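In what follows, residues are counted from 1 in the order of the sequence shown. Since the structure is predicted, the reported quantities are computational estimates derived from the model, not experimental observations.
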Amino acid sequence: MKVLMVGATGTFASHVIPQLKQRGVTIRALVRSKDKIDVARQQGADEAVVGDLNDADSLRVAASGMEGVFHLNPAFAPNEAELGVAMVEAAKVAGVRKFIFSGVIHPSISALSNHAAKCPVEEALYESGMNFTVLQPTLFMQNFDSGWQAVMEKGQFALPYSKYAKTSYVDYRDVAEVAALALTSDRLDHGTFELCDAGMVDRVELAAMMSEALDRPIEAGEPTFEEWAQTAHIPEGVIHEGMKKMYAHYDRYGFPGGNALVLRAILGREPRSLRQYFYELASR
C-alpha cells in the first residue's frame, strides 16, 4: 500500500511512520519545503514531496498514485478548516481510496477554534465517497515532553488554568497504531472513534504522578495565561489567542473524556497510561 502522510515530520504524526512501516506500507511525506525532505526520510518516509496545504494543485500532485492519506491538520492555523477540506478534495480528485483524519475529541465545542475547525473536514470526508476513518483523540501525553525539563528544574508543573480542572489524555503512539490499523485493514472503515486513556485527572494528581516517577516532590502551579505564554515563548497572534481561549475554557469546564472502551477494543489491550508515560520521561 502507498500512503501520503501530512505531518510526517511533526512531533505527533511521526509516530505513525514506524507503525506503517511494520505493516509494509510505502510512505510519501508531504513537506512544506525542500529542507524538510531529509528530515522526512530520517523519520522513515520512503520519499517526500514538497507541497502546500494552501495550494490545491500541489496537493493533487502529492496525492497522485496514492492509495491512502493520513492527515493531521496544523492546529490553530487561521484557515485550519480550509486546509483540511482542501486535502480531502485533492485526495478525492486523485483517486485515493482511503483517508484517515486525525482530528480531535469533541469537535462540536464551538468556543474552541482548534475543535470547531475539525467539523468541516469531517463533513467533507463523510460526503467525499472515499473510505474514511476519523480519529478523535483527546489531549496528547506527548505535550508533556516540551515542559519536562522545566518540571525537573523548578519542581513544578504549571499551566494557566485551574489545577483542579479535570482533563483526559491519550498517548499518541496508541493513536498512531490505530491509524495504521485503519489504513491497512478494513476493521475501522467508515468509523469515527474517540480515543482516550481511562479516567480524568487534575493537575494536582498529575503532579503527584510526576513526583512518584521522579522520586521527589513536584507541585501543581497555576500561573496567569500571560505569565505562562511568556515562559513558553508563545508570541502574540493567532496561536496565542487560540490557546488563551482554550485554557480559559479548560479553567471553566476542564476537558472531559477518559472513556477508554473504544481504544481498548481497537488495540486489544489496555492503552498506555499517564503513570507509564511519566516513568518513561523520568528515565530519559
Do R41 and E47 pass the side chain to side chain contact (heavy atoms under 4.5 Å, CB included) test, and can you show the C-alpha distance, the side-chain angles, and the key distance before you say yes or no?
-> CA-CA 7 Å; R41 290 186 177 278; E47 59 179 293; 4.2 Å; yes
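- Residues V16 and F12 are members of one and the same hydrophobic cluster, defined by side-chain heavy-atom contacts under 4.5 angstrom among Ile, Leu, Val, Met, Phe, Trp and Tyr.
- Under the side-chain contact (heavy atoms from CB on, under 4.5 Å) criterion, K166 pairs with M200, D202, E205, not counting sequence neighbours.
- The side-chain heavy atoms of H71 and L53, taken from C-beta on, include a pair separated by under 4.5 Å.
- For the pair K92/V88, no side-chain contact is recorded, criterion being any heavy-atom separation below 4.5 Å from C-beta on.
- With E219 as reference, Q156 is the one residue of K154, K163, Q156 to meet the side-chain hydrogen bond (donor to acceptor under 3.5 Å, both in side chains) rule.
- From R272, atom CZ reaches atom CG of L263 across 10.0 Å, with rounding to the nearest 0.5 Å.
- Cluster annotation: M1 is connected to I27 through the hydrophobic network of ILVMFWY side chains, with a link wherever side-chain heavy atoms come within less than 4.5 Å.
- The structure places CG of D171 at 13.0 Å from SG of C196, a figure rounded to the nearest 0.5 Å.
- Using a distance-only test at 3.5 Å, with no hydrogens or angles considered, a donor-acceptor pair links the side chain of T138 to the main chain of S168.
- No chain of hydrophobic side-chain contacts below 4.5 Å, direct or via other Ile, Leu, Val, Met, Phe, Trp or Tyr residues, connects L139 to V170.
- Heavy-atom contacts from other residues, nucleotides or ligands closer than 6.0 Å to CG of D35 number more than 12.
- Qualifying side chain to side chain donor-acceptor pair (under 3.5 Å) partners for S102, counting only residues two or more places apart in sequence or in other chains: Y172.
- The side-chain contact (heavy atoms from CB on, under 4.5 Å) check on D186 picks up D189, with sequence neighbours excluded.
- Here M5 contributes atom CE and I100 contributes atom CD1; the two are 11.5 Å apart, rounded to the nearest 0.5 Å.
- Counted within 6.0 Å of CD on Q22, heavy atoms from surrounding residues, nucleotides or ligands total more than 12; the atom is thus considered enclosed.
- For CZ of R252, the number of neighbouring non-hydrogen atoms (other residues, nucleotides, ligands) closer than 6.0 Å is 12 at most.
- Crowding of Y164 atom OH: a count of heavy atoms from other residues, nucleotides or ligands under 6.0 Å not exceeding 12.
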Stepwise, does the side chain to side chain contact (heavy atoms under 4.5 Å, CB included) test hold for V238 with E80?
-> CA-CA 11 Å; V238 174; E80 181 184 343; over 6 Å; no
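- Residues V121 and V69 share a single hydrophobic cluster, defined by chaining ILVMFWY side chains whose heavy atoms lie under 4.5 Å apart.
- Within 6.0 Å of atom CZ in R32, 12 or fewer heavy atoms from other residues, nucleotides or ligands are found, so the atom counts as exposed in its surroundings.
- Tracing side-chain contacts under 4.5 Å through hydrophobic residues (I, L, V, M, F, W, Y), one never reaches L4 starting from L183; they form parts of separate clusters.
- Listed by chain and residue number, nothing satisfies the salt bridge (charged side-chain N to carboxylate O under 4.0 Å, His left out) test with K245 (two or more places apart in sequence, or in another chain).
- Atom CD1 of residue I234 and atom NE2 of residue H240 lie 8.0 Å apart, to the nearest 0.5 angstrom.
- Pairing each heavy atom of V3 with each of M66, the nearest pair is C-SD, 3.6 Å.
- For E89, there are no salt bridge (charged side-chain N to carboxylate O under 4.0 Å, His left out) partners, not counting sequence neighbours.
- Between F255 and H115, the gap from one ring centroid to the other is short of 6.0 Å.
- A ring-centre distance under 6.0 Å is not found for Y169 and Y277.
- If you run ring-ring contact (aromatic ring centres under 6.0 Å, His included) between F132 and each of F101, F99, Y126, only Y126 comes through.
- Side-chain contact check for F144 versus L206: some heavy-atom pair is nearer than 4.5 Å.
- In this pair, Y250 and Y247 present their aromatic rings perpendicular. The plane angle is above 60°, beyond the 30 to 60° band.
- In this structure, the side chains of L181 and T133 stay at 4.5 Å or more apart for every pair of heavy atoms.
- Between E67 and K2 no salt bridge is recorded (no basic side-chain N to carboxylate O distance below 4.0 Å).
- The other residues sharing a hydrophobic cluster with V31 are I37, V50, where clustering joins ILVMFWY side chains under 4.5 Å apart.
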Criterion side chain to side chain contact (heavy atoms under 4.5 Å, CB included) on E222 and R203, from CA distance to verdict = CA-CA 9 Å; E222 194 175 318; R203 196 151 60 257; 3.9 Å; yes
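- Inter-residue side-chain proximity for V104 and I109 is flagged as unmet; no heavy-atom pair is nearer than 4.5 Å.
- Atom CG of residue L214 and atom CZ of residue F278 lie 9.5 Å apart, to the nearest 0.5 angstrom.
- No donor-acceptor pair under 3.5 Å is formed between the side chain of S64 and the backbone N or O of V61.
- Using modelled atom types, no side-chain atom of S162 and backbone atom of D251 make a donor-acceptor pair closer than 3.5 Å.
- How far CZ of F140 is from CG of D174: 12.0 Å, rounded to the nearest 0.5 Å.
- Of the charged side-chain nitrogens involved, none lies within less than 4.0 Å of a carboxylate oxygen, so that R275 and D197 do not count as a salt-bridged pair.
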